[in-house]
There are 2 protein chains.
Amino acid sequence: MSETKETILAVARSRAQAHGYLGLNFRDLAKDVGIKGASIHYYFPTKADLGAALAKRYREDSVAGLEKLWADTQDPVACLKAYPGVFRKALADGNRMCLCGHMAAEYDDLPDAVKVEVKGFADDHVKWLTKVLIAGEPGVNKAAARQRARAIYAAVSGAQLLARSRADLKVYDETIEACRNVGLFATSCPKE
Amino acid sequence: MSETKETILAVARSRAQAHGYLGLNFRDLAKDVGIKGASIHYYFPTKADLGAALAKRYREDSVAGLEKLWADTQDPVACLKAYPGVFRKALADGNRMCLCGHMAAEYDDLPDAVKVEVKGFADDHVKWLTKVLIAGEPGVNKAAARQRARAIYAAVSGAQLLARSRADLKVYDETIEACRNVGLFATSCPKE
DNA sequence: ACCTGAACACCGTTCAAGT
DNA sequence: ACCTGAACACCGTTCAAGT
């Protein structure tokens with residue numbers, strides 16, 4: 001893949017994390033890349049193509065990061081402890097959001113190819129969390145672990161949304177801490 | 001307030017819950033109201049004015065609903081049990097979102113007057129939840145209760161975001177149930 | 001008071017032309 | 001292969017002017 005195409009994806013990712021898919025526009029994007037708006041179309045025929053490539057790449061990178069975390073530690077407790085840090089990064093970088101979290105809010109206005117990736121991103125995270133939870137408590141009911149994984153994903157996404165509207169990283173940290181205190185990141189999965 | 005203005009606010013609320021502030025547009029809005037796009041400006045000079053009025057009204061209505069719930073039940077357990085239902089309503093109504101949750105994602109692109117209301121909405125919810133939690137466990141540390149309130153608000157917001165991207169109300173219900181199983185909606189506030 | 005036409009700015013997109 | 005200016009159709013926004 002050409003260097004320019006990579007640059008477009010990198011700049012677009014950063015911009016989309018701040019402004020979403022709707023707030024992303026070719027002319028501003030091109031200015032940051034150092035080319036003209038029309039030139040973007042040489043690499044991505046339509047905005048839908050760019051959006052889908054963006055979400056797909058973001059999803060792949062995110063999954064790779066999670067798998068690396070698991071491979072490096074092989075420790076469910078360490079993975080669950082580190083997980084909220086993944087979303088923290090975006091907030092620390094100019095009060096941005098997880099790209100797919102942002103796009104989830106815009107869901108109704110997303111091209112189908114982008115919807116697929118946004119949905120897939122959440123699926124991948126829930127699957128990874130489920131795997132980690134089961135590794136932490138081998139005998140656990142799989143459905144219960146998956147539900148717990150969803151709760152973790154939801155809490156982290158919501159904490160991010162809350163912290164963003166306060167533009168305050170401390171709010172994120174404290175909210176995550178409160179979730180931790182309630183036992184959300186523990187490896188045991190209670191079922192009524 | 002004139003009837004037309006009320007109609008504009010009602011239609012705009014519904015549309016903004018689906019498409020956000022950025023996705024809200026005067027012509028489509030006006031068509032639903034039965035006037036021309038330019039006529040909206042007679043009531044709301046700018047989109048920022050409409051957005052602020054919208055968020056303010058939404059916030060007021062939401063707080064009134066919460067206060068009524070508390071006044072009617074006077075029961076912390078019942079209030080915490082009913083709380084997720086508030087956000088469920090929007091999803092059940094055409095996979096919409098809480099207006100201020102949607103706007104929280106768009107925060108960077110919001111006019112200041114709208115930001116104030118979006119922030120205030122989250123504050124109001126956290127305050128109400130804190131009050132309910134303290135009523136449920138009178139001796140609790142107030143800071144701990146507030147952090148717990150934030151965790152609840154975050155989890156519910158995130159569950160909404162997740163369910164929206166799956167366009168599946170069942171995902172919302174199951175995620176909330178998982179949060180319940182972990183004890184997030186209990187009236188006791190554990191602090192390590 | 002209430003509403004509108006028309007101008008304006010901006011968008012994604014196309015395409016012929018340039019390097 | 002890569003990039004651009006100009007043009008296009010569309011749309012949100014604004015404002016002076018209409019009733």
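These numbers were taken from a predicted model, which means no experiment stands behind them. Residue numbers start from 1 in every chain, and the chains themselves are labelled A, B, ... in the order their sequence lines are given, proteins ahead of strands.
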Should the heavy atoms of other residues, nucleotides or ligands under 6.0 Å from NZ of Lys56(A) be counted, would the total exceed 12?
-> no
Using atom CG of Asp109(B) as one end and atom C1' of dG12(D) as the other, report the distance to the nearest whole Å.
-> 15 Å
Atom CG of Leu22(B) and atom P of dC11(D) are separated, to the nearest Å, by 18 Å
Applying a 3.5 Å limit to both distances, which nucleotide forms a Watson-Crick or G-U wobble pair with dT4(D)?
-> dA16(C)
Between Pro45(A) and Ala38(B), which has a closest nucleotide on DNA chain C that is more 5'?
-> Ala38(B)
Round to a whole Å and report the spacing from OH of Tyr43(B) to C1' of dT14(D).
-> 18 Å
Mind calculating the distance between CD1 (Ile8(B)) and P (dT13(D)) to the nearest angstrom?
-> 13 Å
From the list dG12(D), dT13(C), dC3(D), which nucleotide is the closest neighbour of the side chain of Asp28(B)?
-> dG12(D)
Should the pair Lys5(B) and Tyr42(B) be classed as cation-pi, given the thresholds of under 6.0 Å to the six-membered ring centre and 45° from the axis?
-> no
Sugar-phosphate only, base, or nothing, as touched by Thr46(A) at under 4.0 Å among non-hydrogen atoms = sugar-phosphate
Identify whether the distance between the nearest side-chain nitrogen and carboxylate oxygen of Arg96(B) and Asp108(A) falls below 4.0 Å.
-> no
Lys36(B) vs dC3(C): side-chain N/O to OP1/OP2 distance below 4.0 Å | no
Any donor-acceptor N/O pair, Gln160(A) side chain to Cys98(A) backbone, under 3.5 Å = yes
Looking at every strand, decide which applies to Tyr42(B) at a 4.0 Å heavy-atom threshold: base, sugar-phosphate, or nothing.
-> base
Answer with base, sugar-phosphate or nothing: what part of the nucleic acid does Ile40(A) contact at a heavy-atom distance below 4.0 Å?
-> nothing
Closer to the 5' end of DNA chain D via nearest nucleotide, is it Arg27(A) or Ser39(A)?
-> Ser39(A)
Leu50(B) CG to dG12(D) C1', straight-line distance once rounded to whole Å = 13 Å
Is it true that a side-chain atom of Tyr107(A) and a backbone atom of Val118(A) form a donor plus acceptor pair closer than 3.5 Å?
-> no
When rounded to whole Å, the NE2 to P distance for the pair His19(A) and dC10(C) reads 16 Å
Which nucleotide, dC3(D), dT13(D), dT13(C), lies nearest any side-chain atom of Ile35(A)?
-> dC3(D)
Whole-Å distance, Asp49(A) CG to dG12(C) C1', equals 12 Å
NE2 of His41(B) versus P of dA7(C): gap in Å, rounded?
-> 17 Å
Does Asn25(B) have a side-chain nitrogen or oxygen under 4.0 Å from the phosphate oxygens OP1 or OP2 of dC11(D)?
-> no
With both distances under 3.5 angstrom, what nucleotide forms a Watson-Crick or G-U wobble pair with dC10(D)?
-> none
